[in-house]
Asks: 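I'd like to ask you about the structure that follows.
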Amino acid sequence: MGVDIIFKIAAIGILISVTNQILKHSGKDELATLTTLAGVVIVLFMIVDMVSKLFITIKDLFSLY
Amino acid sequence: MEVFKLIGIGILVCITVVVVKQVKPEFAILITISSSIIMFFMIIGYVDNIMVVFDKIISNTNINMDLFKVVLKIVGVGYLIEFAANLCIDSGSPAIADKIILGGKLVILSLCMPIINSLLDVILGLLV
């Protein structure tokens with residue numbers, strides 16, 4: 001649960017936008033949207049993992065069964 | 001002190017969100033979610049200590065234990081609802097946040113039912 005995850009996601013976002021610019025200028029617009037989608041899906045996997053950890057912790061802490 | 005770390009990370013994340021929002025708006029929300037989870041895990045130690053103290057107090061005074069359990073559940077539900085609702089408001093959909101808050105209120109009300117029943121029993125016992 002380090003702070004580096006935040007900057008990892010930010011880096012992925014910026015990387016995706018750069019690849020989009022490249023793809024747009026080389027004329028492949030539909031690929032750009034696909035790369036954005038792929039980036040969002042990757043980051044969502046990381047986020048879902050963190051959210052499940054959060055819910056498990058809260059369930060244990062407040063005995064919310 | 002944990003407070004300075006929290007404030008530092010909070011400001012840092014705000015700046016990161018502003019930067020990424022211009023470049024790629026989808027990731028701004030994802031960064032907000034992940035940072036709020038990370039900051040929660042930073043302060044979880046304090047909640048543990050408070051729980052231990054409360055348990056000791058409750059066990060000394062012979063208050064009914066499951067009343068305290070219900071209060072604990074309500075606090076947990078309240079935190080989760082507030083977490084999700086603020087996230088929805090940040091991502092620009094207050095209508096969904098209101099639905100979550102409504103749901104949370106109903107869940108908390110349903111959790112309170114046993115307390116209300118026991119309260120009524122006590123009162124009726126006094127009156128009879």
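Just so it is clear: chains get the letters A, B, ... in the order the sequence lines come, proteins before strands, and each one is counted from 1.
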Asks: Quick one: does A:Leu54's side chain get under 4.5 Å of B:Phe83's, heavy atoms only?
Replies: yes
Asks: Check each of A:Ile9, A:Val43, A:Val51 against B:Ser34 using the side-chain contact (heavy atoms from CB on, under 4.5 Å) test, and report the only one that passes.
Replies: A:Ile9
Asks: For B:Val77, is it the side chain, the backbone, both or neither that has a heavy atom under 4.5 Å from a heavy atom of chain A?
Replies: both
Asks: Top residue by heavy-atom pair count (under 4.5 Å) with chain B, among A:Met50, A:Lys53, A:Lys8?
Replies: A:Met50
Asks: So if you build clusters from Ile, Leu, Val, Met, Phe, Trp, Tyr with side-chain heavy-atom gaps below 4.5 Å, do B:Ile57 and B:Val70 land together?
Replies: no
Asks: Give a yes or no on whether B:Val20 and A:Leu44 share a hydrophobic cluster (residues Ile, Leu, Val, Met, Phe, Trp, Tyr; joining criterion: side-chain heavy atoms under 4.5 Å apart).
Replies: yes
Asks: Quick one: what part of B:Leu12 sits under 4.5 Å from any heavy atom of chain A, side chain, backbone, both or neither?
Replies: side chain
Asks: Tell me whether the centres of the aromatic rings in B:Phe40 and B:Tyr79 are closer together than 6.0 Å.
Replies: yes
Asks: Could you pull out the closest heavy-atom pair between B:Ile38 and A:Ile6, with the gap in Å?
Replies: CD1-CG1, 3.8 Å
Asks: Name the region of B:Thr16, side chain, backbone, both or neither, that has any atom closer than 4.5 Å to a heavy atom of chain A.
Replies: side chain
Asks: Look at B:Met51, B:Met42, B:Lys24, B:Glu26 and state which one has the largest set of heavy-atom pairs under 4.5 Å with chain A.
Replies: B:Lys24
Asks: At a heavy-atom distance under 4.5 Å, which candidate from B:Ile33, B:Leu30, B:Val23 has the highest pair count against chain A?
Replies: B:Leu30
Asks: Which bit of A:Thr57 comes within less than 4.5 Å of chain B, counting heavy atoms only: side chain, backbone, both or neither?
Replies: side chain
Asks: Please flag which part of B:Leu111 lies under 4.5 Å from any non-hydrogen atom of chain A: side chain, backbone, both or neither.
Replies: neither
